[in-house]
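A short write-up of the structure that comes next.
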Amino acid sequence: MRREAEYRKVPVAAPALIGNEKIYVNDCLDTNWISSNGLYIQRFEDAFAQFLGVKHAIACCNGTAALHLALLALEIGPGDEVIIPTLTYVATANAVRYTGAEVVLADSEPNTWNIDPEKLEALITPKTKAIIPVPLYGHPCDMDPIIELANKYDLFVIEDSAEALGAKYKEQFSGSIADISTFSFYGNKTITTGEGGMVVTNDDHLAANVRLFQGQGMDPQKRYWFPVVGYNYRMTNIAAAIGLAQLENIDKFLEKRRVIACLYNEMLTGVHGITLPREESYAIHSYWMYSILIEDAYGKTRDETMQLLGKRGVETRPIFYPMHLMPVYGRGDCQGLEVAADIASKGINLPTFYELSSEEIEYIASVLRFTYS
Ligand SMILES: *Cc1c(COP(=O)(O)O)cnc(C)c1O
């Protein structure tokens, strides 16, 4: 019998600062460029735009601010409606609400757990201005039907790609397809800057708008002249220095996440009552969080399974509670949002991070298979 203290502790996520992070940060300190001016911001923005194959990348202080800036750049505000998936991180909904626009919640598609394109048209009204698909946990959204619908009704598409850096939809990177897209570099994301975000677009006008609102609304032609109410959503040079070093290792990070997913798949295939994540034929999953569904047939509920893993030292997270269950966004029922509600009640995020070892994955799988003793 093992004592509690002997159980390994496996976090659900952890950053991997394995490259030039320290060198670049020290460079900021040595040269005195620690605020939101400095060469690393430009270098990080340029490298990010080049990686995605987009024209503009604008760094900012976090992913939520990035979403707010994207919405402001599109002039979305009071009286407008924006459709988002109910199954998302709260930042997607919060950013819409900051602008004064109404949040309209859409159901999920059962295989990918992403916004269901087939259920979108019924939600469109004369007030609808934009759709925000969210590639959840790294699985890209089915963008073609969403963009087709947006074109038909003259709507903008904003991709909240916070969880999908490196994912691909039909050869194109997630975040390079919509009118404007956003990323997050929070500590648990695929690359991190501590706190940070990025707005990307191919549209010159939108990019200029993002920069305007990000820097207090200062007229780029006239210093200390402010034609609009802006925000201070800038990134620091230090954060950008970390981001640049992280981006230099993006291929390594993505490769490792695929290896982790393959190992989990191998070890959990055939476990009665566990549904494994899917990767659709149009998709390259970036496996930000390897996630499973605990079905009735498993014999334990989702929460019991998380408790079991927790007791064995394995940290997990429930899949996001859908926004319609939040008092600030809900309508008080699940009507029309049943698929998302079902996924949310069954889903678990398992540990997924660069330094997770194959032994640890084996260990986690053995707990889930009840073969650990
Ligand atoms: C992480 C995340 C964000 C942004 O988060 P920040 O913590 O503000 O950087 C936005 N949307 C989704 C779906 C996310 O997962």
Side-chain angles (χ1 to χ4, degrees), residues 12-15 44 48 57-72 82-99 103 105-106 108-109 112-115 130-141 143 146 157-167 174-175 178 180-200 210 213-214 231-236 239-240 242-243 246-247 253 257 277 285-291 317-324 326 329 340 343-344 347 349 352-353:
V12 72
F44 183 38
F48 199 85
I58 301 112
C60 60
C61 55
N62 59 60
T64 313
L67 274 167
H68 190 194
L69 287 170
L71 290 155
L72 290 166
V82 177
I83 302 172
I84 71 167
T86 188
L87 196 57
T88 184
Y89 180 55
V90 70
T92 322
N94 282 347
V96 173
R97 189 62 72 78
Y98 299 162
T99 68
V103 173
L105 301 173
S108 306
E109 191 272 314
T112 64
W113 316 342
N114 288 331
I115 198 164
I131 305 169
I132 310 185
V134 183
L136 213 60
Y137 305 120
H139 192 295
C141 299
M143 295 299 279
I146 295 171
V157 179
I158 306 165
E159 194 176 1
D160 178 358
S161 299
E163 304 180 0
L165 179 60
S174 184
I180 190 164
S181 303
T182 62
F183 290 87
S184 163
F185 309 124
Y186 182 64
N188 64 9
K189 295 287 158 71
T190 302
I191 69 167
T192 185
T193 61
E195 293 274 4
M198 193 77 83
V199 186
V200 300
V210 169
F213 283 107
Q214 179 214 38
Y231 298 79
N232 176 358
Y233 279 171
R234 294 180 293 254
M235 177 180 272
T236 67
I242 298 172
Q246 288 270 293
L247 193 58
F253 292 155
R257 281 173 188 277
H285 203 313
S286 65
Y287 293 106
W288 172 57
M289 285 267 157
Y290 184 90
S291 310
R317 300 188 339 185
I319 278 184
F320 298 125
Y321 298 105
M323 289 306 114
H324 67 264
M326 306 290 159
Y329 292 112
I343 294 163
N349 305 132
T352 317
F353 56 93

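Keep in mind that the numbers below use all heavy atoms, side chains included, and drop hydrogens, waters and symmetry copies. Indexing begins at 1, ligand by ligand and atom by atom, following the structure's order. We count residues from 1, following the sequence as given.
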Are any side-chain N or O atoms of Asn114 and backbone N or O atoms of Leu136, one a donor and one an acceptor, separated by less than 3.5 Å?
yes
Would you find a donor on one side and an acceptor on the other, under 3.5 Å apart, between the side chain of Arg317 and the backbone of Asn349?
no
Side chain to side chain donor-acceptor pair (under 3.5 Å) partners of residues 58-69, not counting sequence neighbours, each pair once:
His68-Tyr233
Answer whether the closest heavy-atom distance between the side chains of Ile343 and Leu87 falls below 4.5 Å.
yes
Listed partners of Thr112 passing side-chain hydrogen bond (donor to acceptor under 3.5 Å, both in side chains), at least two apart:
Glu109
Sequence-distant partners of Thr86, side-chain hydrogen bond (donor to acceptor under 3.5 Å, both in side chains), two or more places apart:
His324
Please list, by chain and number, the protein residues whose heavy atoms come under 4.0 Å of ligand 1.
Asn62, Gly63, Thr64, Thr88, Tyr89, Ala91, Val134, Asp160, Ala162, Glu163, Ser184, Lys189, Gly196
